Amino acid sequence: MSERHVAIVDANDFYVSCERVFDPSLVGRPVVVLSNNDGCVVARSAEAKALEIDMAVPWHRIADRARMLGVVARSSNYELYGDMSARAAEILSRRTASQEVYSIDESFIALEGTVDDAIAQAQAIRAELRRLVGLPMSVGIASTKTLAKLANRGSKSNPALGGVCHLGAYSAARQEAILASIDVGDVWGIGRRTARRLAPLGIGTAADLRAADATLVRRRCSVVQERVVHELRGIDCLPLEDVQEGRDQIQHSRSFAVPITTAAELAEVLSVYTQRAAARARAQGSMARAMRCFAATSPFAAGSHVSHVVSVAFPEATDDPLVLHRAAVAALGPQLEPGRRYVRAGVSLHELVDRASHATLDVFGTAGDERPGTSAVVDDIAERFGEQSVGLGLAGLRARRAWTMRRDMVSPRATTHWDELAVVHAR
DNA sequence: TCTGGGGTCCTAGGACCC
DNA sequence: TCTGGGGTCCTAGGACCC
């Protein structure tokens, strides 16, 4: 019988797998990849998991023990991962009529045919991605996205399946048993808070949630969780969205390697961050009508923790880093409290409008003091000579500032920079 | 000494209007 | 002395995901 199947295709331990493609000596060894600033563990190889190295644990807390156990740590190399991700998504797109790129290492796709057909296609896709990009993938298939996510867990936990699991290949009784073995907090869309809220209702597993009164779930939680109930029953509530449009919101935020304490340092930070955000807005053809900025102290440090958040509305949508920077400094600068040690700041652009359809309307002539071509010129130079080659004001940082990110164990950007290509030695 | 970053969606509550 | 109710819009914050 021909039907439509939803599949989730994702890479196993994606960041670690990317590192291994260009450094095969890492294969078979325990490897972790760290977040920005080498802060915490964000990806682990199977061998690292077996050593009970937890996800999201601060690296400084376990570094000594991990090194003793032979664990290799890498700083995150997002340029490499982003490029590998784009290659994998492109290859996958040739294999399906509809694809939703869901995250850096996952796509939902639609498959047609019988259950056996779908499994065969998934296996072909897996083999192709392995061969052409070098990444190990897993595929979960079912009638809805939420069930496909559960199948994907199965494909990883049961090696006998060869990386592909179709829930529809099992009898109803077997499916019930599978759902009964899964914690409700492990269901896609049910987080820790919601799981705690569902417990008093006697809902502890995926099977419990599927059998629950959907209206009650909505009352106690929200419409999001009610949809999960229907999705678990095979009722499709979350259709594939293949349109690849720009983001609704663009954010650039970073933790600092060392805290900042002065308004002058904050102005430097905001100069860099607004330019990064503006460049990304221009790259997707957007201009912003609103911006939010924040600066925060460490929630882990002794004493009180503060986070200053400010919102700015622009009378005219803009993508000009100078306008953004001035507004950010004017709004956030006065909020700084003397003596505080700020460890993180960020800029986000909201209410994005399409630049092409946005005709500048400057009735009062207030925009006259900005040079319209500046941003385009900066983009152009950055494109041709690299991001470090140019920046407005303080973003053209010649001397590396103390607060910039720490990345002590970063691998080469082997797919995007000629001078960092992998070198192959013949024997 | 050292605890990530970038998103989405939903809800509650306030402001405002008639 | 008595002081409604329904609707919309906006924003901040919560929850979740990877």
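Since this is a predicted model, take the numbers as computed values, not measurements.
As judged by a 4.0 angstrom heavy-atom cut-off over every strand, A:Tyr102 is placed among residues touching the sugar-phosphate backbone only. A:Val228 comes within 4.0 angstrom of nothing in the nucleic acid, heavy atoms only. Within 4.0 Å of A:Ile104, counting heavy atoms only, lies no atom of the nucleic acid at all. Nucleic acid contact for A:Ser298: none, since no nucleic acid atom lies under 4.0 Å from a heavy atom of the residue. Residue A:Asp10 is classed as having no contact, given no heavy-atom separation below 4.0 Å to the nucleic acid. Using a 4.0 Å heavy-atom criterion, one finds that A:Ile250 contacts the sugar-phosphate atoms exclusively. Contact annotation for A:Ser76: no contact, since no heavy-atom pair falls under 4.0 Å across all strands. A:Arg292 comes within 4.0 angstrom of sugar-phosphate atoms only, judged by non-hydrogen atoms across all strands, and of no base. At a threshold of 4.0 angstrom between heavy atoms, the contacts of A:Val223 are confined to the sugar-phosphate backbone, with no base atom among them. Heavy atoms of A:Asp38 sit nowhere under 4.0 angstrom from any nucleic acid atom. The residue A:Arg227 sits close only to the backbone: its heavy atoms come under 4.0 Å of sugar-phosphate atoms, none of a base.
The nucleotide C:dT8 finds its pairing partner in B:dA15, both defining distances of the Watson-Crick or G-U wobble pair being shorter than 3.5 Å.
Residues from residues 58-67 of chain A placing a heavy atom under 4.0 Å of any atom in DNA chain B, listed by number, are A:Pro58, A:His60, A:Arg61.
Nearer the 5' end of DNA chain B, as judged by each residue's closest nucleotide, is the contact made by A:Arg341, out of A:Arg344 and A:Arg341.
One interatomic measurement links the two molecules: CZ of A:Phe294 to C1' of C:dT11, which rounds to 18 Å at whole-angstrom precision. Rounded to whole Å, the distance from NE2 on A:His350 to C1' on B:dC9 is 14 Å. In this structure, CZ of A:Phe256 is placed 17 Å from C1' of B:dT1, rounded to the nearest angstrom. At whole-Å resolution of the value, CZ in A:Arg192 and P in C:dC16 are 9 Å apart. As rounded to whole Å, 15 Å separates atom P of B:dG5 from atom CD of A:Gln249. If you take CG of A:Asn37 and P of B:dT1, they are 17 Å apart, rounded to a whole angstrom. Atom CZ in A:Phe300 sits roughly 16 Å away from atom P in B:dT1 (whole-Å rounding). Between the NZ atom of A:Lys145 and the C1' atom of B:dC9 there is a distance of 13 Å, given to the nearest Å.
Below 30°, between 30° and 60°, or above 60°: for A:Tyr342 and A:His308 the angle between ring planes is between 30° and 60°, a tilted geometry. Between A:His166 and A:His5, the ring planes are perpendicular. Angles over 60° get that label, and only those under 30° would be called parallel.
Pairs passing the ring pair (Phe, Tyr, Trp, His ring centres under 6.0 Å) check and including a residue from residues 257-288 of chain A, sequence neighbours excluded, read A:His252-A:Tyr273.
Ion pairing between a basic and an acidic side chain is recognised when a charged N comes within 4.0 Å of a carboxylate O; A:Glu337 and A:Arg340 show such pairing. Note on A:Lys145 versus A:Glu231: no salt bridge recorded, every NZ/NE/NH1/NH2 to OD/OE distance being 4.0 Å or above. Ion pairing of A:Arg29 with A:Glu47 is absent here, as no side-chain N (NZ or NE/NH1/NH2) approaches a carboxylate O to less than 4.0 Å.
In the set B:dG6, C:dA12, B:dG4, the nucleotide with an atom closest to the side chain of A:Asn36 is B:dG4. Which of B:dG5, B:dT11, C:dC18 sits closest to the side chain of A:Ser222 comes down to B:dT11. In the set C:dC18, C:dA15, B:dG6, the nucleotide with an atom closest to the side chain of A:Gln251 is B:dG6. Taking every side-chain heavy atom of A:Trp188 into account, C:dC18 is the closest of C:dC18, B:dG4, B:dC10. Of the candidates C:dT11, B:dG6, B:dG4, B:dG4 carries the atom nearest the A:Tyr78 side chain, counting heavy atoms from C-beta on. The side chain of A:Ser255 lies closest to B:dG5 when the candidates are B:dG5, C:dA12, B:dC10.
For the pair A:Thr194 and C:dC16, the criterion of a side-chain N or O lying under 4.0 Å from OP1 or OP2 is met. Listed pair A:Lys149 / C:dC16 fails the phosphate criterion, with no side-chain N or O lying under 4.0 Å from OP1 or OP2. Between A:His252 and B:dG6 there is a side-chain polar atom (N or O) within less than 4.0 angstrom of OP1 or OP2.
To the nearest whole angstrom, the two C1' atoms, one in C:dC18 and one in B:dC2, are 24 Å apart.
For the residue pair A:Ser222 / A:Gln225, a side-chain donor-acceptor distance below 3.5 Å is found, with atom types taken as modelled. Side-chain N/O atoms of A:Glu241 and A:Tyr102 include no donor and acceptor closer than 3.5 Å. Side-chain contact check for A:His305 and A:Thr297: at least one donor-acceptor pair (N or O, by modelled atom type) lies under 3.5 Å.
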Side-chain donor/acceptor pairs under 3.5 Å, residues 149-159 of chain A, sequence neighbours excluded:
unit_1: A:Lys149; atom_1: NZ; unit_2: A:Glu106; atom_2: OE2; d: 2.4
unit_1: A:Asn152; atom_1: OD1; unit_2: A:Lys156; atom_2: NZ; d: 2.9
unit_1: A:Asn152; atom_1: ND2; unit_2: A:Asp10; atom_2: OD1; d: 3.4
unit_1: A:Asn152; atom_1: ND2; unit_2: A:Ser138; atom_2: O; d: 3.4
unit_1: A:Ser155; atom_1: OG; unit_2: A:Asn152; atom_2: O; d: 2.7
unit_1: A:Lys156; atom_1: NZ; unit_2: A:Asp10; atom_2: OD1; d: 2.7
unit_1: A:Lys156; atom_1: NZ; unit_2: A:Asp10; atom_2: OD2; d: 2.9
unit_1: A:Ser157; atom_1: OG; unit_2: A:Arg153; atom_2: O; d: 3.2
unit_1: A:Ser157; atom_1: OG; unit_2: A:Gly154; atom_2: O; d: 3.4
unit_1: A:Asn158; atom_1: OD1; unit_2: A:Ala160; atom_2: N; d: 3.2

